[in-house]
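None of the values given here were measured: they were computed from a predicted structure. Residues: numbered from 1 along the sequence shown.
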Amino acid sequence: MKNVLENHLARKLLLIEELYNKKKYLQLDEAAELLCCSKNTLSKDIMEINKKFYVIEYEKTKGLSFNKNKGVNFNYLYGYLLTESTSVQLLKQIIIEEPTITDIAYDIFISESKVRKLIGKWNEYLKGRNFSFKIIIDKNKLILAGNETDIRLFCHYMFFGLNYTDIYDQTTSDSQLYRLYKENIKKQYSSKCNIGDYELTKAYYFMITALYRIKNGHYDNVFEDYHPFKVSFSSTLYRNLETKITQVFNVEVDTKLVNQIIHHSYFKEYNQELAPIKLEVKEKYERFVQNIIDCIPNLILTEETTRKIKESLLLILLHSPQIKYFLVDHNINVYNVHFKQYRNFFMIINDLAEQEGNIFKSEEIRRAFFIKLVYTLNAEICIAKYTLTRPCIAIYSFGTADVKKALKSLMQMFFGERIGILITDNLEGKTEEADLIITNYLLPTSYEDKTIYFPENVTLEWLFSLDEELKKFKYKYHGVFGYKKEQFESTEPLKWLEH
């Protein structure tokens, strides 16, 4: 991203992403170091952002923060900054009209040598992400050439980002082309399930990208990557859409065209038909998912729950696109949170994937699968109960049984299922293994690091202080997975998992 966007836009985007997604506060020195710039440059960037949105605030003792109460989310800012980029505008024009170097230099007010320099930057970026397409110069025209499906996927994320302000302001949903498209899609799938506006809109920009490519003579011959258009071609609904597409894109609308404008990654829950070549792949994915379920300790599932889990995970394995973002991967932060919690579990799944062979086609799909896995398993079985052990607190104190039970009940009300609590009368056995010991005894110095003093009166302040102690504990992983502590603490074998 840094190599493609202009320096000031890349800095602003990185700063906003860091404040919005990762940290509540960021000191000025930290921010300047992150962005590789001076404090003066940082201040100038913040002033320019706030001149338009006023979302970045500064407190002398805490540092910079993003005020989410302003009603501006990250996607809106991301879209706005993309529209400011000459580099992105160049790529957009290449998709829309495949201009000559002279024409595009004139249209976006830069020199022809600058155009060539930007093309070089884009091709370096595309190569860095291992894409099988690039920008070429053919008879002085700029063309994106290579894997047609990947070109459409990558660029539709660009159009979605560039038009996010229009989506946010409902300009997109008010357009006649979008309304006709939406009515046809709803007609095709309405009997099966409701389709959300978010997915409808993203799929709409894939259609837009596909139509621009077809207008410029680029058809996609990988038919299994698309859902066929099943609305009656003689219906008034379809005819209206056909007329509008012809009017806007100046293309002849036929079966070949409409059968390659809905990518199979969209509306996947409503399209279960698979090409014969994918049936064998599906069997492999089913084995893989079943192996994941089988490796979870002490798990007993009903047939219905098993079916739900399998269907959800198979959909993402079968239909997830190779490319999942334009310049900023919004899934990275979500994945990193899950990785910290379920690292050892993820290691097991990675081993299962390697045993089955060629499960994940890209790292993007791997991350997307793990995110979906956590969401699905938490929704159906609360996976944390099976893969993580909770911090254990032992109550070892001088007092009546009623007082100890009352303390246990109070802590259970305050902490819920976050912790395990046991009442004990001696320091041996489970008490020694506890993470914290609440006591009013004077314990040996070997217990000093995990001793919490038991006051006569338990106050809210004391419970909050206990909460701070609990936050120091990292999640501990279930021993049945067989990974030794040294393996768990080492990052060397897990480079593929970490961002």
Side-chain angles (χ1 to χ4, degrees), residues 1-11 13-14 17 35-36 78 81-82 84-101 104-105 108 110-162 205-206 209-210 212-213 216-222 225 263 265 320-332 335 358-369 495-499:
M1 179 187 72
K2 291 181 183 178
N3 297 332
V4 174
L5 293 179
E6 293 79 348
N7 288 338
H8 72 100
L9 293 175
R11 286 196 308 269
L13 192 53
L14 283 171
E17 183 186 21
L35 304 178
C36 301
Y78 170 61
L81 292 174
L82 288 184
E84 297 282 293
S85 171
T86 301
S87 183
V88 174
Q89 290 302 319
L90 175 122
L91 185 63
K92 174 185 174 184
Q93 290 303 108
I94 291 173
I95 286 291
I96 291 175
E97 55 189 27
E98 297 187 347
T100 65
I101 292 178
I104 199 167
I108 61 178
I110 60 175
S111 66
E112 292 186 22
S113 61
K114 178 68 172 177
V115 170
R116 293 179 186 274
K117 185 177 180 181
L118 291 177
I119 292 169
K121 285 187 173 184
W122 270 117
N123 283 338
E124 184 181 351
Y125 175 79
L126 297 173
K127 183 180 179 181
R129 284 182 63 181
N130 298 316
F131 290 158
S132 53
F133 62 89
K134 62 181 180 178
I135 302 171
I136 65 170
I137 302 173
D138 184 17
K139 297 178 182 178
N140 204 36
K141 290 183 66 176
L142 299 175
I143 299 171
L144 262 174
N147 186 297
E148 183 61 26
T149 309
D150 288 354
I151 290 172
R152 295 182 184 191
L153 283 168
F154 179 70
C155 291
H156 100 282
Y157 291 121
M158 174 186 69
F159 280 111
F160 181 74
L162 285 169
Y205 282 107
F206 184 89
T209 306
Y212 279 131
R213 294 292 292 173
N216 291 316
H218 306 289
Y219 281 84
D220 195 346
N221 296 319
V222 187
D225 281 345
H263 192 261
S265 60
S320 187
Q322 291 278 66
I323 299 171
K324 301 188 74 67
Y325 67 96
F326 180 49
L327 295 180
V328 176
D329 186 356
H330 302 290
N331 280 333
I332 280 288
Y335 170 79
N358 198 29
I359 291 293
F360 304 116
K361 299 173 186 174
S362 68
E363 291 305 309
E364 293 172 30
I365 292 178
R366 188 195 299 272
R367 285 197 295 266
F369 176 79
K495 288 180 179 177
W496 64 269
L497 276 168
E498 296 178 328
H499 172 51

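Ser113 and Ser111 share a side-chain donor-acceptor pair at under 3.5 Å. Looking at Gln89 and Gln93, their side chains never bring a donor and an acceptor atom within 3.5 Å of each other. There is no side-chain donor-acceptor pair under 3.5 Å between Thr100 and Asn140.
Here the rule is side-chain hydrogen bond (donor to acceptor under 3.5 Å, both in side chains) with Tyr125, and of Arg129, Lys127, Lys121 only Arg129 fits it.
Of all the heavy atoms in Ile104 and Ile94, the pair that sits closest is CD1-CG1, 4.4 Å. The two residues Ile95 and Cys155 come nearest to each other via the heavy atoms CD1-SG, 3.4 Å. The heavy-atom pair separating Ile151 from Gly146 by the smallest distance is CD1-N, 3.9 Å. Taking both residues in full, the closest heavy atoms of Lys92 and Phe159 are given as CG-CE2, 4.0 Å, listed atom of the first, atom of the second, then distance. Counting all heavy atoms, side chain and backbone alike, Trp122 lies closest to Val88 at CZ2-CA, 4.2 Å. Asn331 and Lys324 make their closest contact through ND2-CE, 4.3 Å (heavy atoms, listed as atom of the first residue, atom of the second, distance).
How far CG of Asn3 is from CD of Glu124: 5.5 Å, rounded to the nearest 0.5 Å. Taking CD1 of Ile136 as the reference point, atom CD of Glu98 lies at 9.0 Å (rounded to 0.5 Å). Note that CD1 of Ile119 is 12.0 Å distant from NZ of Lys114, once rounded to the nearest 0.5 Å. In this structure, CZ in Phe133 is found 5.0 Å from CG in Leu126, a value given to the nearest 0.5 Å. Rounded to the nearest 0.5 angstrom, Ser85 OG and Leu9 CG are separated by 6.0 Å. The distance from the CD atom of Glu363 to the CG atom of Asn130 is 10.0 Å, given to the nearest 0.5 Å.
Of the charged side-chain nitrogens involved, none lies within less than 4.0 Å of a carboxylate oxygen, so that Arg213 and Asp220 do not count as a salt-bridged pair. Salt bridge annotation for Arg116-Glu112: absent, with no cationic side-chain nitrogen under 4.0 angstrom from a carboxylate oxygen.
In Lys134, the NZ atom is not crowded: 12 or fewer heavy atoms of neighbouring residues, nucleotides or ligands sit closer than 6.0 Å.
In this structure, the side chain of Asn216 engages the main chain of Ile96 through a donor-acceptor pair within 3.5 Å. Side chain of Tyr205 to main chain of Met158: no donor-acceptor pair is present (N/O by atom type, distance under 3.5 Å, no hydrogens or angles). Under a 3.5 Å cut-off, the side chain of Asn147 and the backbone N or O of Ser132 do not form any donor-acceptor pair. A donor-acceptor pair under 3.5 Å links the side-chain atoms of Glu6 to the main chain of Thr86, judged by distance alone. Under a 3.5 Å cut-off, the side chain of Ser87 and the backbone N or O of Val4 do form a donor-acceptor pair. Under a 3.5 Å cut-off, the side chain of Asp138 and the backbone N or O of Ile143 do not form any donor-acceptor pair.
In this structure, the side chains of Leu327 and Leu82 come closer than 4.5 Å at one or more pairs of heavy atoms. The closest side-chain heavy-atom distance from Asp150 to Phe131 is not below 4.5 Å. For the pair Glu148/Tyr219, no side-chain contact is recorded, criterion being any heavy-atom separation below 4.5 Å from C-beta on. Annotation: side chain of Pro321 is in contact with side chain of His263 (closest heavy-atom distance under 4.5 Å). For the pair Leu91 and Leu144, the minimum side-chain heavy-atom distance is below 4.5 Å.
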Exercise for the section: Determine, step by step, whether Val328 and Glu17 satisfy the side chain to side chain contact (heavy atoms under 4.5 Å, CB included) criterion, reporting the C-alpha distance in whole Å, the side-chain angles of both residues, the deciding distance to 0.1 Å, and the verdict. Expected result: CA-CA 9 Å; Val328 176; Glu17 183 186 21; 3.7 Å; yes
Practice task
Evaluate the criterion side chain to side chain contact (heavy atoms under 4.5 Å, CB included) for residue pair Lys141 and Glu97; output intermediate values, then yes/no.
Solution key: CA-CA 10 Å; Lys141 290 183 66 176; Glu97 55 189 27; over 6 Å; no
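Taking the six-membered ring where tryptophan is involved, the planes of Phe154 and Phe326 are tilted, since the angle between them lies from 30° to 60°. Phe369 and Phe360 have tilted rings, their planes meeting at an angle from 30° to 60° on a 0 to 90° scale.
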